[in-house]
Amino acid sequence: MTRVAWCGALAVIASVMLWVAPVAGAVLFAVALATVPPWGRTLAERAIVSTIVVVGATAVLFPRAGSTPVNDISVRVFLTIVMVVLVALNFLPTARRVPFPRPRVIDGLLLVFVV
């Protein structure tokens, strides 16, 4: 299977788990944030950049004094849309040439820190 297929499968599982079992879905979503996007040279770099992108998108879509309701349904829909966009980024021609990073010690340390 290609990298896009693996990323798509992980994104689908994470999105479904967000709706079925939110805690497990949040953990899978965090793992998917480190693996699905096509940017970064290490998994830790991908996780950090992806977190910044998601936090920025959250700030834009859900402003503090805005009229957008923030409840469990809107958060799940937002995170599902984020996953779809991250998988779609892998279809860009320049993203296809980016190699998948090998796991390193720093990636494991970041995982332990986050958990």
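Since the model is a prediction, treat every value here as computed from it, not as a measurement.
Closest non-hydrogen pair, Ala32 versus Pro37, comes out as O-CD, 3.6 Å. In terms of heavy atoms, Val36 sits closest to Asn90 at O-ND2, 2.8 Å. Residues Leu28 and Met17 approach most closely at CD1-CG, 3.6 Å, considering heavy atoms. In this structure, Thr35 and Arg46 approach most closely via the heavy-atom pair O-NH1, 3.1 Å.
Under a hydrophobic-cluster definition in which Ile, Leu, Val, Met, Phe, Trp and Tyr are linked whenever side-chain heavy atoms come within less than 4.5 Å, directly or via other members, Val87 and Val49 are assigned to the same cluster. The hydrophobic cluster containing Val77 also contains Val85, counting ILVMFWY residues as joined when their side-chain heavy atoms lie under 4.5 angstrom apart, directly or transitively. Following chains of ILVMFWY side-chain contacts shorter than 4.5 Å, one can reach Val53 starting from Leu79, so the two form part of one hydrophobic cluster. Note on Leu61: it clusters hydrophobically with Val75, by side-chain heavy-atom contacts below 4.5 Å among ILVMFWY residues. In the hydrophobic cluster analysis, where Ile, Leu, Val, Met, Phe, Trp and Tyr join through side-chain heavy atoms closer than 4.5 angstrom, Val82 is grouped together with Val4.
Atoms OG and CG, from Ser50 and Leu86 in turn, are 6.0 Å apart once rounded to the nearest 0.5 Å. Going from atom CZ of Arg41 over to atom CZ of Arg102 covers 16.0 Å, rounded to the nearest 0.5 Å. Considering CG of Leu18 and CG of Asp72, their distance stands at 11.5 Å, rounded to 0.5 Å. Distance check, rounded to the nearest 0.5 Å: CD1 of Ile81 to CZ of Arg76 gives 14.5 Å.
Side-chain contact, Thr80 with Trp19: a donor N or O sits under 3.5 Å from an acceptor N or O.
Checked against side chain to side chain donor-acceptor pair (under 3.5 Å), Asn71 has the following partners two or more places apart in sequence or in another chain: Ser74.
Contact of the Leu43 side chain with the Pro103 side chain is registered, since non-hydrogen atoms from C-beta on lie closer than 4.5 Å. Side-chain contact between Leu92 and Leu89 is present, with heavy atoms from C-beta onward closer than 4.5 Å.
Identified under the ring-ring contact (aromatic ring centres under 6.0 Å, His included) test for residues 29-83, with sequence neighbours left out: Phe62-Phe78.
Grouping Ile, Leu, Val, Met, Phe, Trp and Tyr by side-chain contacts under 4.5 Å, direct or through others, leaves Val23 on its own.
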